[in-house]
Amino acid sequence: MASDFRKPDTRWLGQDLTVMESVGSTNQVLRERLKQGHLAPGSTVIAREQTAGRGRLGRVWQSPAGQGLYTSVLVYPPPARYGGILSLLAGVALSDAVRRVCGVPCGLKWPNDGVIGGKKYAGILVEAGSHPEIWAVIGMGVNVRGTVPEEMAAATTLARAAGQEVDPAVLWLELAKALETRYEQWVSTGDHPVAEAWRAVTTTVGQMVVVSGPGGGFTGKAVDIDDSGALLVEGPAGVVPVSSGEVSVRLTNGDYTA
Ligand code: BTN
């Protein structure tokens, strides 16, 4: 079944929509276009396949043709407001959309990995800059259907996890609406409601986690997030804020649900 990606029923997000057959990375396409000049807020690129999909912390995001939703959306966050919370906001919007399309409970592993039944079905990579104005590209990759490589035991597809067929194009329409709504709420009401919505769906808080990063690692209990989206981990040095750009966090028992 070929997906037919259409303009969503939104005011601005996704209204400038480019659908590509195959591209290296949709995040990269938007970033290159931005270098050429101002783009409309909400400008979106969707690819049916990515050949160089990028993940967090320099990882590769496998993006086989026709099996997923690979999309990047440009926003211009208000000055002095951009921070890690935007990436959590995108995860909350993804969870809204998945619940609407599939009707299944879905969670978020900090900061914003979509998880169902302890397995990852989606990831989000937000890239941002401040020239010539503050911009952020919200890149979202959802394994919607098809197979995942056997070696990726912690990964699944949305269709498999939900036990039903899912069309990436239908998911896109709901995701665009949810993202626009959550983004507008954030602009008008601030970080706190986003943090509250994220707390309602997280699978990480309350778990023992291993934090690893360039400066070393430690084990501790994930106790909360702050309003900037940093994970608060209670370790040997007390409660430490951990920022998503620097570290990976995994559950001490090796499960993925954290
Ligand atoms: C992660 O979990 O590591 C984040 C994965 C983000 C993948 C998406 S797919 C669309 C967009 N383009 C990219 O190159 N990456 C993001």
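Side chains included, hydrogens not; waters and symmetry mates left out as well; all remaining heavy atoms used. Computed from a predicted model, the values in this text were never measured in an experiment. Numbering of ligands and ligand atoms starts at 1, following listing order.
Considering only heavy atoms from C-beta on, Met20 comes within 4.5 Å of Val45 through its side chain.
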Which N or O atoms of ligand 1 sit under 3.5 Å from a protein N or O, and how far apart is each pair?
{"residue": "ligand 1", "atom": "2 (O)", "partner": "Lys120", "partner atom": "NZ", "Å": "2.7"}
{"residue": "ligand 1", "atom": "3 (O)", "partner": "Arg56", "partner atom": "N", "Å": "2.7"}
{"residue": "ligand 1", "atom": "12 (N)", "partner": "Thr26", "partner atom": "OG1", "Å": "3.1"}
{"residue": "ligand 1", "atom": "12 (N)", "partner": "Gln50", "partner atom": "OE1", "Å": "2.9"}
{"residue": "ligand 1", "atom": "14 (O)", "partner": "Ser25", "partner atom": "OG", "Å": "2.7"}
{"residue": "ligand 1", "atom": "14 (O)", "partner": "Arg54", "partner atom": "N", "Å": "2.7"}
{"residue": "ligand 1", "atom": "15 (N)", "partner": "Arg54", "partner atom": "O", "Å": "2.7"}

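In this structure Ser228 satisfies the side chain to side chain donor-acceptor pair (under 3.5 Å) test together with Asp226, sequence neighbours excluded.
How far CD of Gln67 is from CG of Leu158: 13.0 Å, rounded to the nearest 0.5 Å.
In this structure, a donor-acceptor pair under 3.5 Å is absent between the side chains of Arg33 and Ser43.
Using cut-offs of 30° and 60° for the angle between ring planes, the Trp12 and Tyr183 rings count as perpendicular.
Smallest separation of non-hydrogen atoms from Val98 and Cys106: CG1-SG, 3.8 Å.
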